[in-house]
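For the numbers below, each heavy atom of this structure counts, side chains included, while hydrogens, waters and symmetry mates do not.
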Amino acid sequence: MRSLLTIVVALLLATAALSAPLISDNSTLNDTVLTTTATVDAAPWPGETNECNVNYMPGTKLTYLERILMKTCYDHKLIKGEWQMINCPRTDKIFEDWGLDWGNPDHCVHACRPCLMDAMDQGAANVYCYVTAGISAQCNMKYT
């Protein structure tokens with residue numbers, strides 16, 4: 001009986017780890033940390049965390065023009081489909097993303113979209129987005 005329970009728990013955890021998260025775009029920005037809950041058919045992903053740390057280090061706020069340029073740069077990044085660091089043209093800002101056991105970089109970029117777009121709308125000098133899903137999948141994205 002104990003072995004059967006162990007197998008069932010292991011299978012459930014393995015299934016959760018292989019699932020790619022889908023993040024809803026219904027988040028709001030408060031002072032420095034944004035937390036959202038991912039949903040798929042109204043069921044939260046096991047072990048999912050979504051943190052948005054705005055202005056986590058000193059820096060100069062984005063100008064109105066930089067906000068537009070950064071959003072264009074971010075949307076261009078969505079097409080790439082790989083882990084990378086990208087210098088945004090006509091700004092001194094850099095987008096960087098990396099993951100651990102996160103199968104598709106595009107899912108990471110989409111998971112952090114609400115955080116980064118809200119931060120850009122507010123003219124944040126920098127932002128760091130951290131998302132986890134399943135047992136060990138980690139997504140990290142920031143601009144500085």
Check the hydrophobic clustering (I, L, V, M, F, W, Y; side-chain heavy atoms under 4.5 Å; chains of links allowed) and say if Ile86 and Val109 are grouped together.
yes
Minimum side-chain heavy-atom gap [X]-[Y] below 4.5 Å:
{"X": "Cys73", "Y": "Asn87", "result": "no"}
{"X": "Leu116", "Y": "Cys129", "result": "yes"}
{"X": "Met117", "Y": "Asp75", "result": "yes"}

Rounded to the nearest 0.5 Å, what separates atom [atom1] in [X] from atom [atom2] in [Y]?
{"X": "Tyr64", "Y": "Leu69", "atom1": "OH", "atom2": "CG", "answer": "11.0 Å"}
{"X": "Met120", "Y": "Thr72", "atom1": "CE", "atom2": "OG1", "answer": "9.5 Å"}
{"X": "Asn140", "Y": "Glu51", "atom1": "CG", "atom2": "CD", "answer": "10.5 Å"}
{"X": "Met141", "Y": "Cys115", "atom1": "CE", "atom2": "SG", "answer": "9.5 Å"}

To check you understand the geometry: which heavy-atom pair defines the closest contact between Trp102 and Cys108, and what is its length?
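Between these two residues, the closest heavy atoms are NE1-N, 3.2 Å.
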Might you point out which heavy atoms bring Asn50 and Glu48 nearest each other, and give the distance in Å?
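Between these two residues, the closest heavy atoms are CB-OE2, 3.5 Å.
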Within residues 82-92 or reaching into it, pairs that qualify as salt bridge (charged side-chain N to carboxylate O under 4.0 Å, His left out) - sequence neighbours excluded
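Found none.
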For Phe95, enumerate each residue passing the ring-ring contact (aromatic ring centres under 6.0 Å, His included) test, keeping only those at least two apart in sequence or located in another chain.
Tyr74, Tyr143
Given Cys139, which of Val131, Thr49, Leu100, Asp101 fulfils the side-chain contact (heavy atoms from CB on, under 4.5 Å) condition?
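That would be Val131.
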Would one find more than 12 heavy atoms of other residues, nucleotides or ligands at under 6.0 Å from atom CE of Met57?
yes
Residues in salt bridge (charged side-chain N to carboxylate O under 4.0 Å, His left out) with Lys61, at least two apart?
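Salt bridge (charged side-chain N to carboxylate O under 4.0 Å, His left out) list for Lys61, sorted by chain: empty.
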Using the side-chain contact (heavy atoms from CB on, under 4.5 Å) rule, take Met70 and Leu62 through it: C-alpha gap first, then chi angles, then the decisive distance, then the call.
CA-CA 9 Å; Met70 290 291 288; Leu62 297 175; 4.2 Å; yes
For the side chain of Asn55 and the backbone of Ala124, is there at least one donor-acceptor N/O pair under 3.5 Å apart?
no
Under a 3.5 Å distance rule, please check whether Lys142 uses its side chain to pair with a backbone N or O of Tyr130 as donor and acceptor.
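Checked: no pair found.
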Run the numbers on Tyr56 and Asn126 for side chain to side chain donor-acceptor pair (under 3.5 Å), then give the verdict.
CA-CA 7 Å; Tyr56 66 95; Asn126 49 69; 5.1 Å; no
